[in-house]
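Inspection log for the structure reproduced underneath, given as structure tokens.
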Amino acid sequence: MAKLAIVTGASRGIGAAIAKKLAAEGCDVVVNCVSSVEKAEAVAAECRELGVNAYPMAWNVADYDACKLAVNEIKKNIGVPEILVNNAGITRDGLLIRMKPEQFNDVIQACLTGTFNMTSLVGAQMLRAKKGRIVNLASVSGIAGNAGQANYSAAKAGVIGLTKTAAKELGSRGITVNAIAPGFVETDMTASLPEDIQEGAKARISLGRFGKAEEIAEIAAFLASDRASYITGQVIVADGGMAL
Ligand code: NAP
């Protein structure tokens, strides 16, 4: 029987690439988004072309009750997920002293609280099943900090702490929990950065270019597979040699 994967924020960018990569490896996939339902449907259609089942579903990962409803619905109608990829995230950049509380809180809610909500709810099902793989999208900003991203850096540092704690709590039942910390990756998130910031960033990257969503998807698929059975609580940095 095919493994079932939930990928949050899979309507675009890195999440869409991860959903398609997992589908290519034979997983059935729940393709989550918050509002781009048509895009999630298109990603699901691409997954189905690879011969698996795919289910576009919209819910807000920052909303615990919405997550609970979705996770229960998935269990009832599709099955218990063996793979959870907490990929959904947003940025609301601005300098610390000018950052509005809602700007800070929105990013914490989407990136960190969303990862907690889904890990807690799906983790409970994985514990009963005594198997599971959880992959969280962190960021190099969560390791080194980044001017203009106090909210995002704090959220992603929190994701790393959550990853390590979940790895310790869930490990005895064979569940692994790891994080990926990308640098700059070509998606809508980085396309909105001013040209000079993009060029300045590229100058600091050893490989001289931004990463591709598919390059991050390779790591997620590896961490979600049986090939990574003895890796847990780790943060894999994929930044083209930026943080050297
Ligand atoms: P993106 O292109 O902006 O796509 C974001 C995805 O998250 C979309 O599918 C969006 O759904 C979904 N989403 C946002 N808020 C959500 C919520 N509250 N509930 C459910 N889904 C939500 O982002 P990306 O660049 O692919 O980034 C994916 C992940 O990698 C994020 O966690 C990001 O922080 C991390 N990351 C990205 C980079 C980079 O350079 N791109 C670097 C480091 C880390 P809708 O389409 O419905 O809005």
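Bear in mind that the values here come from a model prediction, so they are computed numbers and not experimental data. Atoms within a ligand are numbered from 1 in the order they appear, just like the ligands themselves.
- Protein heavy atom nearest atom 7 (O) of ligand 1, with residue, atom name and distance: Gly9 CA, 3.4 Å.
- Taking each of Tyr152, Trp59, Phe210 in turn, the one with a heavy atom nearest to atom 33 (C) of ligand 1 proves to be Tyr152.
- Contact record, Thr190 with Phe184: CG2-CD2, 3.9 Å, taken as the closest heavy-atom pair.
- The protein non-hydrogen atom at the shortest distance from atom 32 (O) of ligand 1 is Asn87 O, 2.7 Å.
- Among all heavy-atom pairs drawn from Leu22 and Ala224, the shortest one is CD2-CB, 4.2 Å.
- Taking distance alone, with nitrogen or oxygen atoms compared against 3.5 Å, Val61 approaches ligand 1 more closely than that limit.
- Comparing Cys111, Ala19, Ala88 by heavy-atom distance to atom 22 (C) of ligand 1, the nearest is Ala88.
- Taking only nitrogen or oxygen atoms, main chain and side chain alike, Thr190 does not reach within less than 3.5 Å of ligand 1.
- Comparing Leu193, Asn60, Val34, Thr115 against atom 18 (N) of ligand 1, the shortest heavy-atom distance belongs to Asn60.
- Closest heavy-atom approach to atom 38 (C) of ligand 1 within the set Gly183, Ser11, Ala201: this belongs to Gly183.
- Polar contact with ligand 1: absent for Ser139 (N/O pair, distance under 3.5 Å).
- If you check each of Thr91, Asp239, Val185 against atom 40 (O) of ligand 1, the one with the closest non-hydrogen atom is Val185.
- Closest heavy-atom approach to atom 46 (O) of ligand 1 among the candidates Gly114, Ser36, Ala238: Ser36.
- Compare Ile14, Val37, Val7 by their heavy atoms: the one nearest to atom 27 (O) of ligand 1 is in Ile14.
- Look at Ser141 and you'll find every heavy atom at least 4.0 Å from all atoms of ligand 1.
- In this model, no donor atom of one side chain and acceptor atom of the other lie less than 3.5 Å apart for Thr115 and Asn136.
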